[in-house]
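What follows is a set of notes on a single structure, which appears directly below.
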Amino acid sequence: MKHISIIGAGTMGNGIAHTFAQFDYKVNLIDVSKDSLDKGIATITRNLDRMVSKEKISEEDKKRTLANLTTFTSLADGAKNADLVVEAATENESIKLDIFRELDKICPVEAILATNTSSIPITKIAAVTGRPKQVIGMHFMNPVPIMKLVEIIRGYNTSDEITNTVVELAKKLGKVPTEVNDYPGFVANRILMPMINEAVETLYNNVAGVQEIDTVMKLGMAHPMGPLQLADFIGLDVCLSILEVMYDGFKNPKYAPCPLLVNMVRAGKLGVKSGEGFYDYSESKKAEKVSSQFVS
């Protein structure tokens, strides 16, 4: 397995592409937007430069990694020879289902179709293809080149052979693959998102301020990042989408998104990517300044 196609050049997609390319896989990075592809390659280059400066890789390693990357705006051209496709498009069910319908037509019959979805059932995605045994979840963590975990999610029909192949592949990338079953949110987000949602509820109910909530969790629970800062980092729209998938899947009110989170997404306050969420990122990306709406 040498030819990898990655769909989506955003934060997760370019991180996954970087990781495969660094381990000498030939990677086709696919996005409908040429601008997004250019930004994705620029991000990969910056991250490689940072690794060179820290002496984690050599300049030759950087050049080799970039040489392993090819960009495409055509799904058909970028995925037609893939041994493995990893879909990392926006966390929108209808978009993902449309992509997998197309991949089923485009890709070689033996190709494995994987998704980096944070919450959408693998079984539902696999059902729109003619190869459900070859559809699997590969949920990487952000930032992909650094974080070790990959959740490996089996759909109802995913075969043992495909699961074992993907587990071994993740190990070759220096990752720690962890198998989980196909339920909404899987493990990581089933636990993480209710915690973030409860932090938003705590703010919404005026129990404490933004920095106070994050400080309690960082110093009291040894979390490297507070839940509100983490939500900003993930993207409040992504957090909302995952909570909605879990609420719809479990029909349990404990997964219902906090009204404050819903309103912030409606208002376009999405976190780091929009410049403001619970913190103001207009001057720094380090969550040093609380958003004005939460300053009394």
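The shortest distance between side-chain heavy atoms of Asn189 and His139 falls below 4.5 Å. At a threshold of 4.5 Å between non-hydrogen side-chain atoms, the residues Ser58 and Val52 do not count as touching. In this structure, Ile41 and Thr71 have side chains that are in contact, with non-hydrogen atoms separated by less than 4.5 Å. Counting only heavy atoms from C-beta outward, the side chains of Leu113 and Gln134 never approach each other to under 4.5 Å. Side-chain atoms of Met221 and Met195, non-hydrogen and from C-beta on, never get closer than 4.5 Å to each other. Side-chain contact between Met141 and Lys148 is absent, with no heavy atoms from C-beta onward closer than 4.5 Å. Looking only at side-chain heavy atoms (C-beta outward), Met138 and Glu151 stay at 4.5 Å or farther from each other. With contacts defined as side-chain heavy-atom distances shorter than 4.5 Å, the pair Val135/Ile112 does not qualify.
Distance alone, capped at 3.5 Å, places no donor-acceptor pair between the Asp280 side chain and the Lys289 backbone. Although no hydrogens or angles enter the test, the distance criterion places no donor-acceptor pair under 3.5 Å between the side chain of Ser119 and the main chain of Pro184. Asp237 places no side-chain N or O within donor-acceptor distance of the main-chain N or O of Leu270, the cut-off being under 3.5 Å. Here the side chain of Asn92 pairs a donor or acceptor atom with the backbone of Ser94 at under 3.5 angstrom. Remark: side-chain polar atoms of Ser5 are paired, donor with acceptor, to backbone N or O of Gly78 under 3.5 angstrom. With hydrogens and angles ignored, the 3.5 Å screen pairs no side-chain donor or acceptor of Glu87 with any backbone N or O of Ile6.
A salt bridge is absent between Lys2 and Asp83; no separation between the charged side-chain nitrogens and carboxylate oxygens falls under 4.0 Å. With salt bridges taken as basic N to acidic carboxylate O contacts below 4.0 Å, one links Lys39 and Asp35. In this structure, Arg101 pairs ionically with Asp98, as a charged nitrogen and a carboxylate oxygen lie closer than 4.0 Å. Between Asp49 and Arg46 no salt bridge is recorded (no basic side-chain N to carboxylate O distance below 4.0 Å).
A side-chain contact (heavy atoms from CB on, under 4.5 Å) with Pro145 holds for exactly one of Leu48, Thr19, Leu173; it is Thr19. Considering Leu75, Thr70, Leu69 in turn, Thr70 is the only one that fulfils the side-chain contact (heavy atoms from CB on, under 4.5 Å) rule with Asn28. Each of Ile242, Asn197, Ile234 was evaluated against Leu192; a single residue qualifies, Ile234, per the side-chain contact (heavy atoms from CB on, under 4.5 Å) test.
Ring to ring, Tyr247 and Tyr255 are not that close: their centroids are 6.0 angstrom or more apart.
The list of salt bridge (Lys or Arg N to Asp or Glu O under 4.0 Å) pairs with a residue in residues 169-192, not counting sequence neighbours, reads Glu168-Lys171.
No chain of hydrophobic side-chain contacts below 4.5 Å, direct or via other Ile, Leu, Val, Met, Phe, Trp or Tyr residues, connects Val238 to Phe186.
Residue Ile152 comes nearest to Pro177 through the heavy atom pair CG1-CB, 3.8 Å, listed as atom of the first residue, atom of the second, then distance. The shortest non-hydrogen separation linking Thr90 to Lys96 is O-CE, 3.5 Å.
Shown here is Tyr204, whose OH atom has no more than 12 heavy atoms of other residues, nucleotides or ligands within 6.0 Å. Under a cut-off of 6.0 angstrom, the local environment of NZ in Lys34 is sparse, with at most 12 non-hydrogen atoms contributed by other residues, nucleotides or ligands. Residue Phe294 places its CZ atom among more than 12 non-hydrogen atoms of other residues, nucleotides or ligands, all under 6.0 Å distant.
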